[in-house]
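Just so you know, these numbers use all the heavy atoms, side chains as well, and skip hydrogens, waters and symmetry mates. Chain naming here is simple, since letters A, B, ... match the order of the sequence lines and numbering starts at 1 in each.
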2 protein chains.
Amino acid sequence: MSRQRSDEPSSTRYEAVVEKLRAAVLAGEFAPGERLHEVRLTGRLGVSRTPVRAALQKLASEGLLDYTPNRGYTMREFSVGEVVSAYEVRAVLEGLAARLTAERGLSEHDRAVMVQALHDGDDLLQHWQFSDEHRSAYGRMNASFHETIHAAAGSRLLTDMVFLCQQVPVSSPRNVVAFEEKDVRRRHDDHHRIFEAIIGREPWRAEVLMRDHVTSVKSSLVRSLSSPDAVRRLLDRVQARS
Amino acid sequence: MSRQRSDEPSSTRYEAVVEKLRAAVLAGEFAPGERLHEVRLTGRLGVSRTPVRAALQKLASEGLLDYTPNRGYTMREFSVGEVVSAYEVRAVLEGLAARLTAERGLSEHDRAVMVQALHDGDDLLQHWQFSDEHRSAYGRMNASFHETIHAAAGSRLLTDMVFLCQQVPVSSPRNVVAFEEKDVRRRHDDHHRIFEAIIGREPWRAEVLMRDHVTSVKSSLVRSLSSPDAVRRLLDRVQARS
DNA sequence: GCTATCAAAAATGTATACATTGTCTTTGAC
DNA sequence: GTCAAAGACAATGTATACATTTTTGATAGC
């Protein structure tokens, strides 16, 4: 498992196909249960079956596709329940990551990165606006904060699993977008406290805080799913994501 | 992801190769960092490169091998720290599974399976002996108990992740073997309490009990690793496992 | 003796032909 | 008209040839 830096250009066709297919899948270009025929994809992607097969296998191993021997790959269906439980899994995993990081302590570099993320967040919240640019900057800051903790926990298995959680559609950290300003402010305040707990070497506190931090995202999601038009909006966003 | 029943005969060469290679890897036939050349494996396994490549990719996705583009697959190195953290991850995941199962409740069938497992465990402990047969029966009972809870939690992501934890060498549930009778008895008593908490619909209690249950296995492991000859014994077992 | 460079060898990446399996349609019997 | 069996078609599984990249080792230069 264990992915390489995604900003590096892919050195093989196989990797390029993985990225293209993943984007297509997340953009909702395949209906749940739909088969992904190897030959058709070859035409569309301009490569032979070999890299396509490898890419399909990888996406299946990430949980995006189903595979049955001699019958190929089909688009997986993600029920609301699966998305919710992905957040539940993420909550306990990120809680564990925070605990382990608090136990091990932060390197000087990681500490600086987190301080920067907290500072950037403070700034962004002070000049709050609804532009895409602003939201994407917030998303980057948020990802930086969380990823630093995952890495600092020092467990590759844990890092990989958090990645798998985020592969489930709609449960990417970028989805802060869907929620209200008040929730975002509260969550950024969580970040400050989590950092405090890690710096203060309080493993148990770090775990509880992080766990509830992620769980609150789940709650926001569930709440917004209770109004029917919110469901539609959310699904639209997933479908349209390119 | 999501594996099929392992007792079914594999319908493709690829699946057969996955099982053979996994066994070879777990048997310690490859040194950490050693490259697994496709062509050599072809000769050894009697199939062409195509199924071998697919199998290597699958084992890499399970975390057993490392992959670098244009450079192939290498045997991964598992430090003691990685094994320990695999248990830590498993502890929070199985704790979550127990909580979710306690929330959702057990089906009549699952309940019967767990009652059977508890009963079998009681029997086995009453007629304790050190035979391989006895230990393997205990391992089956233990797996049945835990797997029923994983499945009852109703989250495929969670099930798959617990599976991944168990792929880490030395962290398979069958390794009860290495520990003392007293520990085994205590752990079976944990099972009774966990079952009680699930039946009584006490999610929080089920989670805490399960989490500590798995953590205690980690502790036994760490303890047995503190004596040097125990380390050697353990490594021998891993190397010799066929 | 060490390092750098380049060529040969070997390994992985890719395309494609063939084999096997699954699926669908047609045909036949009841 | 319905069902079943057989065959044609299409999709996946496998082998293999070729392309590209990495690795190795030998040679030249310092």
Side-chain angles (χ1 to χ4, degrees), chain A residues 1-6 8-22 24-25 29-62 64-76, chain B residues 1-6 8-22 24-25 29-62 64-76:
Chain A
M1 198 167 285
S2 179
R3 281 132 304 288
Q4 58 179 20
R5 296 252 56 79
S6 59
E8 283 178 11
S10 38
S11 66
T12 73
R13 299 184 203 278
Y14 147 68
E15 295 169 276
V17 171
V18 167
E19 290 317 315
K20 281 190 188 176
L21 268 185
R22 198 209 307 281
V25 163
E29 294 186 27
F30 304 97
E34 182 180 341
R35 272 181 75 172
L36 282 80
H37 299 272
E38 296 174 3
V39 275
R40 279 186 222 176
L41 293 173
T42 55
R44 168 177 174 165
L45 297 162
V47 296
S48 80
R49 276 179 62 206
T50 310
V52 170
R53 270 180 78 80
L56 288 171
Q57 191 185 335
K58 173 143 185 77
L59 293 178
S61 83
E62 290 178 4
L64 254 51
L65 306 177
D66 279 324
Y67 169 71
T68 313
N70 292 314
R71 251 181 263 181
Y73 297 84
T74 57
M75 181 65 207
R76 225 186 111 181
Chain B
M1 197 164 289
S2 177
R3 283 133 303 288
Q4 59 178 20
R5 295 253 56 79
S6 58
E8 283 178 12
S10 38
S11 66
T12 73
R13 300 184 202 277
Y14 148 68
E15 295 169 276
V17 170
V18 167
E19 291 315 316
K20 282 191 187 176
L21 269 184
R22 198 209 308 280
V25 163
E29 295 187 26
F30 304 98
E34 182 180 342
R35 271 181 76 172
L36 282 80
H37 300 272
E38 295 174 5
V39 275
R40 278 185 223 178
L41 294 173
T42 330
R44 168 177 174 164
L45 297 161
V47 296
S48 80
R49 275 180 62 209
T50 309
V52 170
R53 269 180 80 79
L56 288 170
Q57 191 185 334
K58 173 141 187 79
L59 293 179
S61 82
E62 290 178 5
L64 255 53
L65 305 177
D66 280 324
Y67 169 72
T68 313
N70 291 314
R71 250 180 262 184
Y73 297 85
T74 57
M75 182 64 207
R76 227 186 108 181

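Using a 4.0 Å heavy-atom cutoff across all strands shown, B/Thr12 reaches sugar-phosphate atoms only and no base atom.
Scanning both residues, B/Val39 and B/Arg49, for their nearest heavy atoms gives CG1-CD, 4.1 Å. Nearest heavy atom pair, residue A/Ala55 against residue A/Leu21, reads CB-CD1, 4.2 Å.
Every residue was checked against the side chain to side chain donor-acceptor pair (under 3.5 Å) condition with B/Glu34, not counting sequence neighbours, and none meets it. A/Arg40 pairs by the salt bridge (Lys or Arg N to Asp or Glu O under 4.0 Å) definition with nothing, not counting sequence neighbours. Partners of B/Gln57 under the side chain to side chain donor-acceptor pair (under 3.5 Å) rule, at least two apart in sequence or in another chain, do not exist in this structure. Legend: residues meeting side-chain contact (heavy atoms from CB on, under 4.5 Å) with A/Thr12, ordered by chain and number and at least two apart, are A/Tyr14, A/Glu15, B/Pro69, B/Asn70. For A/Arg13, there are no side chain to side chain donor-acceptor pair (under 3.5 Å) partners, not counting sequence neighbours. Partners of B/Ala16 according to the side-chain contact (heavy atoms from CB on, under 4.5 Å) rule, which considers only residues two or more places apart in sequence or in another chain, are B/Ser10. Legend: residues meeting side chain to side chain donor-acceptor pair (under 3.5 Å) with B/Arg35, ordered by chain and number and at least two apart, are absent.
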Might you list the N or O atoms of the protein lying below 3.5 Å from N or O atoms in nucleotides 20-24 of chain C, with each pair's distance?
none

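Atom CZ of B/Arg53 is separated from atom P of D/dA15 by 14 Å (rounded to the nearest Å). Straight-line distance from the CZ atom of B/Arg49 to the C1' atom of D/dT20: 12 Å, rounded to whole Å. In this structure, CD of A/Glu38 is placed 6 Å from P of D/dG13, rounded to the nearest angstrom. One interatomic measurement links the two molecules: CD of A/Glu34 to P of D/dA11, which rounds to 13 Å at whole-angstrom precision. With rounding to whole Å, B/Leu36 atom CG is found 14 Å from C/dT12 atom C1'. Regarding B/His37, its NE2 atom lies at a distance of 13 Å from the P atom of C/dG13, rounded to whole Å.
Contact between the side-chain N/O atoms of A/Tyr14 and the OP1/OP2 oxygens of D/dT20 is not found at any separation under 4.0 Å.
Within residues 39-48 of chain B, the residues approaching DNA chain D are B/Val47, B/Ser48, by heavy-atom distance under 4.0 Å.
Residue order along DNA chain C, read from the 5' end via each residue's closest nucleotide, puts B/Tyr73 first among B/Thr50 and B/Tyr73.
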